[in-house]
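What you see is a predicted model, and the numbers here were worked out from it, not measured in a lab.
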Amino acid sequence: MKNRIQPTQQEVQLRENDMIVSKTDLLGRITYVNRAFMRISDYPGRDVLGKQHNVIRHPDMPRGVYRLMWETLKKEREFFGLLKNITANGDYYWVFANVTPDLDGEGVIVGYDSVRRRAPAAAIRVAEQLYRDMLRVEREAGATRAPEASVAYLQGVLAEQQTTYDRFVLGLYQQ
């Protein structure tokens, strides 16, 4: 689902104890949202259930971040990330996300669970610059190659810093 909401420059501040929870099926369609999701995103549950989770994807987010997330999840690993989301009225909010595969009793992935909390201000400042750079790389690469190009750019940044993505993003969160 393409987001057609006009972004504003108004930030929604999460409270220290806010925990946004959502669940999706294997294709990323929302199957559950908690009250914090509805309050912060300004979406009633009935408006998002069955919709693609990217309904809250802010246009400032590079496609490469989501490509990395899906690659990680397909390996049955959890994903951590700093994400800028958009509300139903165009405002935005930053979160530190933890997305995990949801396994049935047989160990088969049946969906994905996401828990998001307030992102630290210092982490947001780093992510904003990195994501601007990744978006520039995506524009230069063109629509077809955009996700791969920005993932490659991110991997180059991480190699320069001699770190992995997980160490990088968890380090930002723990600052």
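Inter-residue side-chain proximity for F37 and I56 is flagged as met; some heavy-atom pair is nearer than 4.5 Å. The side-chain heavy atoms of R117 and L14, taken from C-beta on, include no pair separated by under 4.5 Å. Residues L82 and V169 meet the side-chain proximity criterion, which asks for heavy atoms closer than 4.5 Å. No side-chain heavy atom of Y43 sits under 4.5 Å from any side-chain heavy atom of M38.
Atom CG of N85 and atom CE of M61 lie 8.0 Å apart (nearest 0.5 Å). In this structure, I40 CD1 and I20 CD1 are separated by 4.0 Å, a value rounded to the nearest 0.5 Å. Between atom CD1 of residue I124 and atom CD of residue E11 there is a gap of 6.0 Å, rounded to the nearest 0.5 Å. One finds the OH atom of Y131 at 11.5 Å from the CG atom of D60 (value rounded to the nearest 0.5 Å).
Ring geometry for F80 against F96 counts as parallel: the plane angle stays under 30°, on a 0 to 90° scale with 60° as the upper cut.
Taking 4.0 Å as the cut-off between side-chain N and carboxylate O, K75 and E71 do not count as a salt-bridged pair.
Between T24 and H53, the shortest heavy-atom distance links the atoms CG2-CD2, 3.6 Å. Residue I86 comes nearest to R57 through the heavy atom pair CG2-O, 3.7 Å, listed as atom of the first residue, atom of the second, then distance. Nearest heavy atom pair, residue A123 against residue L172, reads CB-O, 3.5 Å. Across all their heavy atoms, N89 and I5 have their closest contact at C-CG2, 4.0 Å. Across A149 and A141, no two heavy atoms sit closer than the pair CB-CB, 3.5 Å. Closest approach of D25 and T31 over heavy atoms only: N-CG2, 3.8 Å.
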side-chain contact (heavy atoms from CB on, under 4.5 Å) evaluation trace for V21 with D113: CA-CA 7 Å; V21 178; D113 299 336; over 6 Å; no
Let me see the working for E128 and R132 under salt bridge (Lys or Arg N to Asp or Glu O under 4.0 Å), right down to the final yes or no. CA-CA 6 Å; E128 285 177 319; R132 277 193 294 271; 5.0 Å; no
Just do the side-chain contact (heavy atoms from CB on, under 4.5 Å) check on V99 and W70 with the steps written out, would you? CA-CA 10 Å; V99 186; W70 283 110; over 6 Å; no
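Pairs engaging residues 158-175 under the side-chain hydrogen bond (donor to acceptor under 3.5 Å, both in side chains) rule: R77-D166 [sequence neighbours left out]. Applying the side-chain hydrogen bond (donor to acceptor under 3.5 Å, both in side chains) test to pairs two or more places apart or on separate chains, those with a residue in residues 33-42 are D18-R39.
If you check the side chains of R116 and S22, you find a donor sitting under 3.5 Å from an acceptor.
The side-chain hydrogen bond (donor to acceptor under 3.5 Å, both in side chains) check on T100 picks up nothing, with sequence neighbours excluded. Considering only residues two or more places apart in sequence or on other chains, R145 meets the side-chain hydrogen bond (donor to acceptor under 3.5 Å, both in side chains) condition with none of them. With sequence neighbours excluded, no residue forms a side-chain hydrogen bond (donor to acceptor under 3.5 Å, both in side chains) with R63.
With side-chain heavy atoms closer than 4.5 Å counting as contact, directly or through intermediates, V108 stands alone and belongs to no larger hydrophobic cluster.
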